[in-house]
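Please read all numbers here as calculations on a predicted model, not as lab measurements. Letters go in sequence order (proteins before strands), and every chain restarts at 1.
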Amino acid sequence: MFANIIRCDWYRLVRSRFLQITVIVFAVVIGLFALFCTSGNSRFSFGGPTGNTKDGVPLIDGFVGFAYVDAAHPHFWEIMYSATCFTVITLFAISITGMIITSTDDLNGTTKLAVARGNSQTLMFVSKVILAVLVTGVLWVLHNLVTLLITLSQMDFSLTGEQWSAWVKFIGLSYLVQLVLMLLASWLVLLTRSRVVGFAVLVVLTFGTIIVTAVNRELDSQVINTLLAIDPVWHLYRIGRAWAETQITGQALLFCGVAIPVLMAASIIHLRSRELS
Amino acid sequence: MSTVVQTTGLTKRYGRTAALDEVDITVEAGQIYGLIGQNGAGKTTLIRLLTGLARPSGGSLSLFEDSGAGLNLQRRRIGALIESPALTLDLTAEQNIEAIRIQRGIAGRHRTREALEVVGLQDTGRKKVRQFSLGMRQRLGLGIALLGDPELLILDEPVNGLDPMWMATVRTELVRRARQDGTTVMISSHLLAELDLFATHYGFIHRGRLLAQMSAAELHSRCQHTLRIDVADPAAAATVLEEELDIRTFRIADDAGATGGQVILADHLDQASRINSALVGRGVEVRGIETRGASLEEFFADLVKGA
């Protein structure tokens with residue numbers, strides 16, 4: 001029966017207007033990236049250098065692209081920064097996609113039909129999470145592959161096997177953190193039955209984290225540090241430095257390892273007591 | 001005959017409010033059970049409890065003589081239309097039904113086509129549901145409920161938005177399924193006259209309580225004949241009936257917007273002449289006097305007033 005639920009959700013998803021829009025937005029984002037990449041003097045910045053360097057490469061907070069110390073001889077991690085600088089856009093795209101996939105049936109009432117036929121709300125939610133991970137995961141990999149190839153082509157750079165491996169780990173870790181954000185947004189929509197709330201929290205988290213991080217550089221408050229440690233956006237901002245500050249990888253993995261099951265459990269607990277109108 | 005739906009002391013509270021209060025209903029296989037009540041009486045709450053959309057605060061319910069852990073399994077035998085039809089607006093009618101067919105694991109793509117034909121939506125082609133009228137959406141919701149020939153149909157206001165022709169078609173289809181296939185149908189409605197055309201049994205709900213449960217035959221026999229007297233001054237007429245004729249079992253129906261009203265007696269039908277003389281003798285203007293049966297709406301109104 002679970003297989004039937006997934007098949008049904010997939011059937012609806014591939015025929016939905018939302019997926020068509022997603023494909024168009026994906027193409028537009030890639031197009032924008034290509035424009036940035038090929039425009040010569042453009043620099044993309046949502047964040048900035050921390051002031052530290054490793055091997056001559058500035059370590060960054062956030063997402064900084066097309067800012068090379070020596071453009072004729074770019075460093076591998078400068079290439080990575082550029083190829084992944086649009087993560088600030090994908091963090092919204094992935095979360096919104098997940099939010100919409102997991103909430104559409106609730107909001108249009110089709111969930112009640114399935115429940116009235118004896119289907120478990122939990123299984124139906126898990127089915128949608130699986131689809132959301134599948135769709136966003138594939139788009140995430142495609143996005144990064146295309147932006148990497150564009151960047152490599154623009155900078156006349158090629159990767160070794162080890163560097164490909166580093167790229168895979170880097171985008172994999174970034175995706176896990178964005179998955180936490182997606183589950184958080186989906187959980188909020190479950191609770192409030194409002195996508196506006198889910199989106200608002202995303203916006204507040206994204207911009208609020210920048211402000212709070214900047215303020216806390218001076219304050220160094222332990223309370224703020226603790227709150228930031230459970231903020232997925234904070235972890236995402238730091239991932240660009242993980243190659244140099246390896247403790248960041250461990251912290252992000254630990255964060256995801258705890259946050260993903262906790263958010264899934266919180267969603268399932270809510271669903272088990274939820275009544276449908 | 002097996003019991004398809006049984007509730008015992010079924011209760012649903014929201015805070016201090018009892019949306020459903022100690023309701024005992026029994027629906028046997030093959031019945032067309034009409035659940036009657038005003039808006040907010042508790043009909044939809046009962047349906048939500050039967051279909052698992054809400055949990056009871058008290059009492060018990062069983063489906064196909066199975067309760068507790070077996071309920072969800074039995075719900076696979078249900079086709080439901082609950083409040084407004086639940087549809088995916090981006091899809092066509094066929095795609096909406098096909099998605100449900102996949103979800104329910106019903107073999108055979110022809111079943112989708114059959115469901116469309118029953119509700120007359122087989123020619124909608126690539127038109128998306130968001131472009132459908134209210135009536136077309138209602139029909140699609142019905143088509144989804146009927147998909148796979150479920151053994152129990154639970155339909156909440158199924159003819160909302162339908163034109164008279166489609167109301168008749170739906171009625172005919174439900175009666176056919178009940179008689180030929182043994183399908184049990186539970187319909188909630190506030191349109192008693194519409195249900196009267198085909199329901200076999202009734203449950204009357206008011207303010208969360210089940211007032212009465214009866215067969216259609218019993219309902220019709222209880223819509224008894226009454227003596228109705230149109231008078232200019234109902235209060236004066238009431239005084240005459242009580243003081244001069246010692247008749248106390250009557251009710252007054254005011255004629256809203258006009259002077260006068262109607263005195264309605266369930267007894268003393270053979271004393272129309274005597275009552276008329278007494279009223280006229282005491283100066284009460286009698287505009288008309290007749291004996292006729294109560295309408296179903298009047299029966300329900302009396303039932304509610306007595307509750």
Output, in order, the C-alpha distance, side-chain angles, deciding distance and verdict of side-chain contact (heavy atoms from CB on, under 4.5 Å) for A/Asn108 and B/Leu89.
CA-CA 8 Å; A/Asn108 70 17; B/Leu89 301 183; 6.0 Å; no
Please check if the number of heavy atoms outside [X] that lie under 6.0 Å from its [atom1] is greater than 12.
X	atom1	answer
A/Trp10	CH2	no
A/Trp187	CH2	no
B/Arg207	CZ	no

What part of A/Ala114 gets within 4.5 angstrom of chain B, counting heavy atoms only: side chain, backbone, both, or neither?
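Interface part for A/Ala114: both.
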Could you tell me which portion of A/Ser273 (side chain, backbone, both or neither) has an atom closer than 4.5 angstrom to a non-hydrogen atom of chain B?
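A/Ser273 touches chain B through backbone and side-chain heavy atoms alike.
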For [X] against [Y], the heavy-atom pair lying closest together:
X	Y	value
B/Asp90	A/Arg17	OD2-N, 3.0 Å
B/Arg75	A/Gly118	CB-N, 3.6 Å
A/Gly109	B/Ala86	O-CB, 3.1 Å

NZ/NE/NH1/NH2 to OD/OE distance under 4.0 Å, B/Lys12 and A/Glu275:
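So B/Lys12 pairs with A/Glu275 through a salt bridge.
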For side-chain contact (heavy atoms from CB on, under 4.5 Å), just list the numbers for A/Arg12 and B/Ile100, CA-CA rounded to whole Å, side-chain angles, deciding distance to a tenth of an Å, and then say yes or no.
CA-CA 10 Å; A/Arg12 285 190 183 126; B/Ile100 299 291; 3.3 Å; yes
Can a donor-acceptor pair be found, under 3.5 Å and without considering hydrogens, that links the side chain of A/Arg117 to the backbone of B/Ile78?
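The answer is yes, because a donor-acceptor pair under 3.5 Å joins these two groups.
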So, does A/Lys112 use its side chain to make a donor-acceptor pair with the main chain of B/Leu53 at under 3.5 Å?
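No, the answer is negative, given that no donor and acceptor are paired below the 3.5 Å cut-off.
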Between [atom1] of [X] and [atom2] of [Y], what distance do you get to the nearest 0.5 Å?
X	Y	atom1	atom2	value
B/Thr92	A/Arg15	OG1	CZ	8.5 Å
B/Gln103	A/Ile6	CD	CD1	12.0 Å
B/Asn72	A/Asn119	CG	CG	8.5 Å

By a 4.5 Å heavy-atom criterion (distance strictly below it), what part of B/Arg55 contacts chain A: side chain, backbone, both, or neither?
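Both backbone and side chain of B/Arg55 come within 4.5 Å of chain A.
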Heavy-atom distance under 4.5 Å to chain A: side chain of B/Thr44, backbone, both or neither?
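No part of it gets close to chain A.
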Most contacts with chain A, counted as non-hydrogen pairs under 4.5 angstrom, among B/Thr51, B/Thr45, B/Leu50
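Heavy-atom pairs under 4.5 Å are most numerous for B/Thr51.
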Non-hydrogen side-chain atoms of [X] and [Y] separated by less than 4.5 Å:
X	Y	answer
A/Tyr11	B/Gln95	yes
A/Leu113	B/Ile144	yes
A/Met1	B/Arg76	yes

